[in-house]
Structures are given as structure tokens and as C-alpha cells.
Amino acid sequence: MRIVLVGPPGAGKGTQAAFLAKNLSIPHISTGDLFRANISQQTELGKLAKSFMDKGELVPDEVTIAMAKDRMEQPDAASGFLLDGFPRNVSQAEALDEMLTSEGMKLDAVLDLEVPEDEVVKRIAGRRICRNDSSHVFHVSYKAPKDEGVCDVCGGELYQRDDDSEETVRKRLEVYHTQTEPIIDYYKAQGLVVTISALGKVEEVTVRAMEALKRKDDDK
Ligand code: AP5
């Protein structure tokens, strides 16, 4: 399957993507994680991305689309992928459509995670991620690591993302409403959107998501 995951910052996209990708045997492709990997490796792309991410703004389309395309062209993504954080505006969605059409492929579903804003703020405020691998995500109360400040998966140090400050989160939410939400209508016009509530326990949301994706697949 080729799936796009959409939802506000802190909705649980990364958390759900890890389980969904495993269940569906497809790679989880997160543009945020790709940028963070570039930042920790201090590449030129990482330096450029950080200057936008720290302000809560989108990294320019040109570099984002090129990076996403490069990742989607890797052999492990040949028969499907779960995109998390891409596309993030209508021009990225159009670029993705062009990319897929030129290869004779198309998306199967756009999974929209709905969470009220006060919950999103709580989730982001308590989020801690691993320095070794930003896909290892914890929460100080909802998913506390066994040892405070230490990643359960690999023993790495847990830290708070630079863009998780209150001011930057406010900006990220504004960018989500103005630039990212319009892609939901863009994909609704293609009949691809399935919306689920992302409230409740992580595993409950995963079950809800898997059922919604199955219904979408059965409708085809
Ligand atoms: P990105 O990394 O994509 O961030 P985001 O979309 O803002 O989403 P988050 O990672 O903040 O949240 P999430 O939904 O993954 O939630 P999570 O699972 O961690 O992007 C960061 C930046 O990169 C952007 O601002 C932009 O600058 C740049 N960028 C990225 N892609 C781009 C693009 N395409 N174009 C341009 N720029 C781009 O969960 C949050 C917390 O909640 C965790 O602590 C988790 O443990 C907890 N949690 C999760 N689920 C539950 C639950 N059900 N109950 C309780 N707690 C939960």
C-alpha cells in the first residue's frame, strides 16, 4: 500500500507510523526524521533545514521534494510506503502525484488523525526522543521510559526537540492549519481520505487505523 499520514504536530503520526509500517510491511518515511538525521550529521541540508524547523516553518519545497523523492526511490519502497509529514502543502501533494503518475503508481489512502488542540499541546510538552534514533519516541507520562532520560530501545539519551518549545509549537500549529490542512480537501477530491480519532491508548488508535485502512482497501 501507498499511504499518506496527516495530522497536526503531536497527533501521534510518528508513533502510529512505526506500528502501521510494521503491520503492513512497508517502510515508514518521515521527512521530519530525515531532516533530523541530516541535522545530527551536520550536513548542508541539515543546516538549512534547522534554520526553518527551529522557527516552526516549512523547509522550502525544492529541497524537501528532492529529499522525499530520493527516499521513495530506494528499493525497500518499491512496493509501498507510509509517508509521515510529506506532503505538507498542496504543491508538495501535486509533486507527489506527478512522481507517482510518472511511474504508473497511485496512492491508496490518506489517513487523517484527528486530535483536539489541547491534547496535542500536552503530547508535545511531554515528548522525549532518542539522540541515536528520532523514531524512538517517548512521553514523560503517557509512555514513560523505564529509566528516566534513557531510551528503552537502544539506551540512547532522551531529549526534548528544539522545535517543541511553546512558541514554536504555536507557529507549527498555525502552519498546519494554513498550509497542511488544505491537502485534506485536495485528497478528498480524489476519494482517498479516511479520518479517525487519534484519542485513546496508542494500541487502540493503531487498531482503529488498521480497520479504517482495511475498509478503504475493501472499497476499491
Ligand atoms: P515533523 O517531525 O514531521 O513534526 P510534526 O508533523 O510537527 O509532527 P510531530 O513529530 O511533532 O508529531 P507526531 O504527530 O509525529 O507525534 P508523535 O508520534 O511524536 O516535522 C518537524 C519539522 O520539520 C516541521 O515543522 C518542518 O519544519 C520540517 N518538515 C518536515 N516535513 C516537512 C515537509 N514535508 N515540508 C517542509 N518542512 C517539513 O507523538 C507526540 C507525543 O505524543 C509523543 O511523546 C508520543 O509518545 C505521545 N503519543 C502519541 N500517541 C499517543 C496517544 N495515543 N496517547 C498519548 N500519547 C501519545
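All values reported here derive from a predicted model rather than from experimental measurement. Whatever order the structure lists ligands and atoms in, that order sets their numbers, starting from 1.
- In this structure, K188 forms no cation-pi arrangement with Y186, as its terminal cationic atom is not both closer than 6.0 Å to the ring centre and no more than 45° off the ring axis.
- Under 4.0 Å from ligand 1, heavy atoms of M53 appear from its side chain as well as its backbone.
- A side-chain contact (heavy atoms from CB on, under 4.5 Å) with L111 is found for one member of T195, V193, V194, V6 and no other, namely V194.
- By the 6.0 Å and 45° rule, R128 does not stack over the aromatic ring of F138.
- Residue contacts with ligand 1 leave out Q16, since none of its heavy atoms falls under 4.0 Å from the ligand.
- The N/O atoms of P9, backbone and side chain alike, include none that comes under 3.5 Å of an N/O atom in ligand 1.
- For the ligand labelled ligand 1, residue G126 lies outside the 4.0 Å heavy-atom shell.
- Here Y176 has no heavy atoms under 4.0 Å from ligand 1, in either its backbone or its side chain.
- Ligand 1 has no nitrogen or oxygen under 3.5 angstrom from a nitrogen or oxygen of Y142.
- In terms of polar-atom proximity, I124 is not counted as a contact of ligand 1, lacking any N or O under 3.5 Å from an N or O of the ligand.
- Taking any N or O of K201, backbone or side chain, none lies under 3.5 Å from an N or O belonging to ligand 1.
- Considering backbone and side-chain atoms alike, P87 places every N or O at 3.5 Å or more from each N or O of ligand 1.
- With respect to R123 and E119, a salt bridge is recorded, a charged nitrogen being found less than 4.0 Å from a carboxylate O.
- The shortest heavy-atom distance from G10 to ligand 1 is under 4.0 Å.
- When only interatomic distances are considered, the shortest N/O to N/O separation between K13 and ligand 1 falls below 3.5 Å.
- Classification of K47 and E44 as a salt-bridged pair holds, one side-chain N sitting under 4.0 Å from a carboxylate O.
- For a threshold of 3.5 Å applied to N or O pairs, the pair formed by F86 and ligand 1 contains no separation below that value.
- Taking only nitrogen or oxygen atoms, main chain and side chain alike, L58 does not reach within less than 3.5 Å of ligand 1.
- In this structure, E204 falls outside the shell of residues with a heavy atom less than 4.0 angstrom from ligand 1.
- Residue contacts with ligand 1 for D84 are absent, since no atom lies close enough (heavy atoms, distance under 4.0 Å).
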